[in-house]
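See structure below.
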Amino acid sequence: MKIVAVCGAGIGTSAILKVNAERALERLELSADVDASDLAGVAVAAADAQVILTSTELSGAVREAIGRSYTEVVEVVNYFDVDEITRLLERSLG
Amino acid sequence: MNLPPLPDDAVVIGAHASDWRAAVREAGRALTRSGSTRAEYADRMVAVIEEFGAYVVIAPGLALAHARPGPDVRREGIAVVTLAEPVPFGHPHNDPVRVVVGLAVSNAEEHVASVATLANVFNDPHAVGRIARAGDAAEVRGLLGLEAAA
């Protein structure tokens, strides 16, 4: 299983999202690879991913970048709220 | 790898910013003062938000201003600006911003571990409020668990 965390520049925010997504997966006792990507690289990074985590602002651009795909785009409001990320991932993967 | 140090000149307490650009530029000046970046890095942090929107407001009241690694990054650095008056960045949920953290990294892969340290601090939902109310740079360092020098 693969999850991709996406932000505009591919550093900083996506790294925080990656770290907290890994914490959420631990809580759910699920194992998955979590990669960080920038918007420019998301189509390649997410080709074999089940879920893309990103912010509401970027979700439209992410959907456009991946085109027709079965990968689910999940919008995170608070990147530091592991409870929120856990809930979102449970809904997508559970 | 731990977070870079946070010297006094990388901290601005109670800054007055008229809009989000001014708030981001304040963080850019702090990164330049502390020797982490050249002045142009602030322009690139503003450009990231102009291009992609206010997604850098990653939690209520907190903006993580940053840009890609580039020749204007001299060394990895972090800066903290607390705002006297909260400033809207245009985020649908997390506005207004009270704390701007400026981040400059020289290598996109190496910084994940240091960012994990930052995540540890901000996983506490009260952390942003505590930093916003901090009285000086030493208090901010204490809250973030950072050192004044490397």
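Lettering of chains follows the sequences in order, A, B, ..., and the numbering in each one begins at 1.
Heavy-atom distances place no part of Asp124(B) under 4.5 Å from chain A, backbone and side chain included. Proximity to chain A (any heavy atom under 4.5 Å) is restricted, for Leu103(B), to the side chain, taken from C-beta onward. Contacts between Asn94(B) and chain A at a heavy-atom distance below 4.5 Å involve the side chain alone, from C-beta outward. Interface remark: Leu17(A) contributes no atoms to any contact with chain B (heavy atom separation under 4.5 Å). In this structure, chain A has no heavy atom under 4.5 Å from any part of Ile49(B). In this structure, chain B has a heavy atom under 4.5 Å from the side chain of Asp38(A), while its backbone stays farther away.
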Query raised in the report: Does the pair Lys18(A) and Glu22(A) meet the rule for a salt bridge (Lys or Arg N to Asp or Glu O under 4.0 Å), with working shown?
Result: CA-CA 6 Å; Lys18(A) 170 183 155 70; Glu22(A) 285 167 348; 3.0 Å; yes
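The choice from Gly53(B), Pro125(B), Ala119(B), Gly90(B) that makes the most heavy-atom pairs within less than 4.5 Å of chain A is Ala119(B).
When all heavy atoms are compared, the tightest approach of Arg33(B) to Asp9(B) is NE-O, 3.0 Å.
Formation of a donor-acceptor pair under 3.5 Å by the Arg44(B) side chain with backbone atoms of Arg68(B) is found in this model. Checked by atom type and distance alone, the side chain of Thr54(A) never pairs as donor or acceptor with a backbone atom of Ser59(A) at under 3.5 Å. Judged purely by atom type and a 3.5 angstrom limit, Thr71(A) uses its side chain to pair as donor or acceptor with the backbone of Ala49(A).
Salt-bridge check for Lys2(A) with Asp48(A): passed, with a basic side-chain N closer than 4.0 Å to an acidic carboxylate O.
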